[in-house]
Amino acid sequence: MSIDGRCPLRATKTVMGASDVLSRRTLLVAPAVLAFAGTAACAQEGGSIKMMGSRTLVAYLTRSGNTRVIAETLQRKLEATLFEIRPARAYPADYEQHVAQAERERQAGFEPPLAARVEDIVTYDEIFLGLPIWGTTAPAPIRSFLKAHDLTGKRLRPFITHGGYGVGSAPDVIASHAPRSNIEPAFVMEADQERRTLNEITGWLGRIQS
């Protein structure tokens, strides 16, 4: 925020894929989100949006974009501040390499440094926390986010996407890493199709190459 109350200009990078893919995802996901669910906005780095005067924060981690669609829908409907949780070092773009790294971090209990924190976390009363399920649990950057912010007394509303195997231990991870927050029941939906797509392609190649 600049000293005259206007939003400072920043260079922002594109965080979504083609617009037609976003539109299709929005049409598919939005109806379910609406069942779950300031006056001025500033664009922030990493696709985040700061709503002046908002007491609600939507913080999310995404890989394929599904969790982002839910987060952005919530942000618009609630006129909330949007914050993308990103590790300081990006995960591999390749899906299998990404999965392998996430599994190593899970086994080691590693909590990676984040690219940014919510500096004014004290100003928010309600936090919607969005995350996909990685390896039957909450991703390592989610643990980092919860450890890095004091959520004492805040209402925490998780929304979770998964690829068909449920939420695993994610609720327990959230509870253990935000013990002094008031955690509401999570909104859960199956959304991530990457693993299923990979399995279908692998099976197809196995058939045509045998």
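Since the structure is predicted, the reported quantities are computational estimates derived from the model, not experimental observations.
- Between atom NZ of residue K147 and atom NE2 of residue H177 there is a gap of 4.5 Å, rounded to the nearest 0.5 Å.
- Minimum heavy-atom separation, T67 to G130: CG2-C, 3.7 Å.
- A 4.5 Å side-chain heavy-atom check between I121 and I127 finds at least one atom pair inside the cut-off.
- With rounding to the nearest 0.5 Å, the separation of CG in D172 from OG1 in T137 is 8.5 Å.
- Q97 and Q101 form no side-chain donor-acceptor contact under 3.5 Å, judged by distance and modelled atom types alone.
- Judged purely by atom type and a 3.5 angstrom limit, R63 has no side-chain atom pairing as donor or acceptor with the backbone of P132.
- Across all non-hydrogen atoms, the minimal contact from P158 to E184 is CD-O, 3.4 Å.
- Contact detail for P141 and I85: the closest heavy-atom pair is O-CG2, 3.9 Å.
- Remark: side-chain polar atoms of T81 are not paired, donor with acceptor, to backbone N or O of L57 under 3.5 angstrom.
- Using a 30° and 60° split on the angle between ring planes, H98 and Y91 fall in the tilted class, from 30° to 60°.
- Looking at heavy atoms from C-beta onward, F145 lies out of side-chain contact with P139 at the 4.5 angstrom threshold.
- Looking only at side-chain heavy atoms (C-beta outward), R104 and F110 stay at 4.5 Å or farther from each other.
- For the residue pair Q75 / Y60, no side-chain donor-acceptor distance below 3.5 Å is found, with atom types taken as modelled.
- Rounded to the nearest 0.5 Å, atoms CG (L156) and CG (L129) are 5.5 Å apart.
- Checked by atom type and distance alone, the side chain of S181 pairs as donor or acceptor with a backbone atom of A178 at under 3.5 Å.
- No single ILVMFWY cluster, assembled from side-chain heavy atoms under 4.5 Å apart, contains both V173 and L61.
- Between the D120 side chain and the T123 main chain, no donor and acceptor come within less than 3.5 Å of each other.
- Distance check, rounded to the nearest 0.5 Å: CZ of R76 to CD of E72 gives 6.5 Å.
- With a 4.5 Å cut-off on side-chain heavy atoms, H149 and Y124 do not count as touching.
- Across all non-hydrogen atoms, the minimal contact from V122 to K154 is O-NZ, 3.5 Å.
- L74 has its side chain out of reach of T56: every pair of non-hydrogen atoms, C-beta onward, lies at least 4.5 Å apart.
- Between G153 and N182, the closest heavy-atom pair is O-ND2, 3.4 Å.
- A tilted orientation is assigned to the rings of F128 and F159, their planes being inclined by 30° to 60°.
- One finds the CD atom of E119 at 11.0 Å from the NZ atom of K50 (value rounded to the nearest 0.5 Å).
- Across all non-hydrogen atoms, the minimal contact from A148 to R117 is O-NH2, 2.6 Å.
- Taking CD of E105 as the start and OG of S144 as the end, the distance is 8.5 Å to the nearest 0.5 Å.
- Side chains of F187 and R157 form no contact here, defined as non-hydrogen atoms less than 4.5 Å apart.
- Between I133 and Y165, every side-chain heavy-atom pair lies at or beyond the 4.5 Å cut-off.
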